[in-house]
Amino acid sequence: MHDRNQPPPARRATITADAPRAPSPAARTQPSARTGPAFPFADVSIAVVCERDGHGDDLVRELQRLRAKPHHVWPPPPQLPLGFDAVFCVLLDDLPRRVPWLPGEPESALVVLLPRHAPFRPDLMRDCAAHGALVLPADPLSVQCTLALARDHFRYEKRLRGRIDKLDENLRNMRSVERAKTIIMHRNAVSEDEAYQLMRRQAMSRRVSIGAVANAIVDSQELLG
């Protein structure tokens, strides 16, 4: 029999197999292997204008490994092909004449390809407005870095062109508004502010910009003489 004067025996803690275990500090701090895009260049269409030799074939295979869509072109056409996200082309002596777009208005990211022991020709690369340069044979990291930087440079240039076009449009509209105000002032014998308010009411009623109303007034004045 159990003696009432003795303390009861200590109970043993039991751990069941289903009890959850706290993750270790190393497991909590270890980053997930699936973070970030696995293939940032997937479905990027690329025209590769270079000889079908070992270096050219290696470049095409590396682009395919990146899940891009390279299209090998040789011999070089009179004009670089359009409709691609990027164009990799050997640095030909007449490459500036083969570029089908105007400087500052690119249609694709242009990367020039150079042999490893080729002379440095900065004037030629500047004249063709290249977005990047890749030395062959190229290692995988160089291909990825060059393609990424060339695409970023190309997109930045496109954004700048869009802003410039918008500024040019605003400047043309401002000039048209000033000319239209002068026409209204002379026709209706009103002040400059009244002429502007008249155009503003017309723009609001027609749901168009003041620049569009001003252009219509200027065009009508030129037609009527």
Side-chain angles (χ1 to χ4, degrees), residues 37 40-49 68-71 73 76-89 91-92 94-113 121-134 145-185 192-193 195-225:
F41 307 114
D43 298 329
V44 175
S45 59
I46 305 173
V48 182
V49 185
K69 294 182 178 179
H71 180 67
V73 179
Q79 284 192 337
L80 297 183
L82 295 172
F84 291 89
D85 298 317
V87 177
F88 284 54
C89 182
L91 187 60
L92 304 168
D94 61 345
L95 183 57
R97 293 196 297 269
R98 296 175 185 258
V99 176
W101 53 77
L102 297 175
E105 301 179 8
E107 297 293 333
S108 304
L110 176 59
V111 176
V112 295
L113 304 176
R121 306 180 67 180
D123 295 341
L124 184 57
M125 288 190 289
R126 181 197 61 210
D127 292 341
C128 63
H131 300 100
L134 184 65
C145 292
T146 301
L147 179 55
L149 290 175
R151 292 184 70 198
D152 289 344
H153 188 185
F154 166 72
R155 291 169 177 172
Y156 177 71
E157 193 172 2
K158 292 282 284 186
R159 289 196 299 269
L160 285 182
R161 172 55 58 183
R163 293 177 183 176
I164 292 174
D165 292 341
K166 186 63 175 179
L167 290 174
D168 289 342
E169 181 183 359
N170 292 338
L171 182 59
R172 289 192 298 267
N173 288 336
M174 290 174 60
R175 292 173 178 172
S176 297
V177 168
E178 293 300 321
R179 292 183 61 187
K181 284 194 300 185
T182 302
I183 294 172
I184 295 175
M185 291 166 60
E192 181 179 354
D193 184 66
Y196 180 79
Q197 293 300 326
L198 176 61
M199 286 191 297
R200 186 171 181 272
R201 289 193 296 271
Q202 289 290 330
M204 293 179 63
S205 63
R206 299 182 182 183
R207 299 182 181 276
V208 296
S209 64
I210 295 180
V213 173
N215 289 329
I217 294 173
V218 172
D219 292 342
S220 63
Q221 174 68 13
E222 292 177 352
L223 290 175
L224 298 175

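Remember, predicted model here, so these are calculated numbers, not experimental data.
Arg151 and Pro40 get closest at one heavy-atom pair: NH1-O, 3.8 Å. Contact detail for Val112 and Cys128: the closest heavy-atom pair is CG1-SG, 4.1 Å. In terms of heavy atoms, Ala195 sits closest to Ile184 at CB-CG2, 3.7 Å. Counting all heavy atoms, side chain and backbone alike, Leu124 lies closest to Pro96 at CD1-CD, 3.6 Å. Between Cys89 and Leu110 the shortest heavy-atom distance is CB-CD1, 4.5 Å.
Rounding to the nearest 0.5 angstrom, the gap separating the OH atom in Tyr196 from the CZ atom in Arg201 is 12.0 Å. Note that CG of Asp94 is 12.0 Å distant from CG of Asp127, once rounded to the nearest 0.5 Å. The CZ atom of Arg126 lies 12.5 Å from the CZ atom of Arg121; values are rounded to the nearest 0.5 Å. To the nearest 0.5 Å, atoms CE (Met125) and CG (Asp123) are separated by 9.0 Å. Summarising the geometry, atom CZ belonging to Arg200 is positioned 10.5 Å from atom CG belonging to Asp193; distances are rounded to the nearest 0.5 Å. Going from atom CG of Leu134 over to atom CG of Leu91 covers 12.5 Å, rounded to the nearest 0.5 Å.
The backbone N or O of Val111 lies less than 3.5 Å from no partner atom in the side chain of His131, so there is not a single donor-acceptor pair. A donor-acceptor pair is defined here as one N or O able to donate and one able to accept, closer than 3.5 Å; no such pair exists between the side chain of Ser45 and the backbone of Lys69.
Summarising the local packing, CZ of Arg98 is surrounded by more than 12 heavy atoms from other residues, nucleotides or ligands at distances under 6.0 Å. Summarising the local packing, CZ of Phe41 is surrounded by more than 12 heavy atoms from other residues, nucleotides or ligands at distances under 6.0 Å. Open room surrounds CZ on Arg97; 12 or fewer heavy atoms of other groups in view lie less than 6.0 Å from it.
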- request: Show your working on side-chain contact (heavy atoms from CB on, under 4.5 Å) between Leu95 and Leu80 and close with a plain yes or no.
  value: CA-CA 9 Å; Leu95 183 57; Leu80 297 183; 4.1 Å; yes
message: Could you walk me through whether Phe88 and Leu147 satisfy the side-chain contact (heavy atoms from CB on, under 4.5 Å) test, starting with their C-alpha distance in whole Å, then the side-chain angles of each, then the deciding distance to 0.1 Å, before giving a yes or no?
response: CA-CA 9 Å; Phe88 284 54; Leu147 179 55; 4.0 Å; yes
message: Apply side-chain contact (heavy atoms from CB on, under 4.5 Å) to residues Arg161 and Glu157 and explain how you reach the verdict.
response: CA-CA 6 Å; Arg161 172 55 58 183; Glu157 193 172 2; 5.9 Å; no
For residues 164-176, which side-chain donor-acceptor pairs fall under 3.5 Å, sequence neighbours excluded?
residue, atom, partner, partner atom, Å
Asn170, ND2, Lys166, O, 3.4
Asn173, ND2, Glu169, O, 3.3
Ser176, OG, Arg172, O, 3.1
Ser176, OG, Asn215, OD1, 2.6

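Between His71 and Phe84, the two ring planes are parallel [angle under 30°; tilted spans 30° to 60°].
No side-chain heavy atom of Ile217 sits less than 4.5 Å from a side-chain heavy atom of Gln202.
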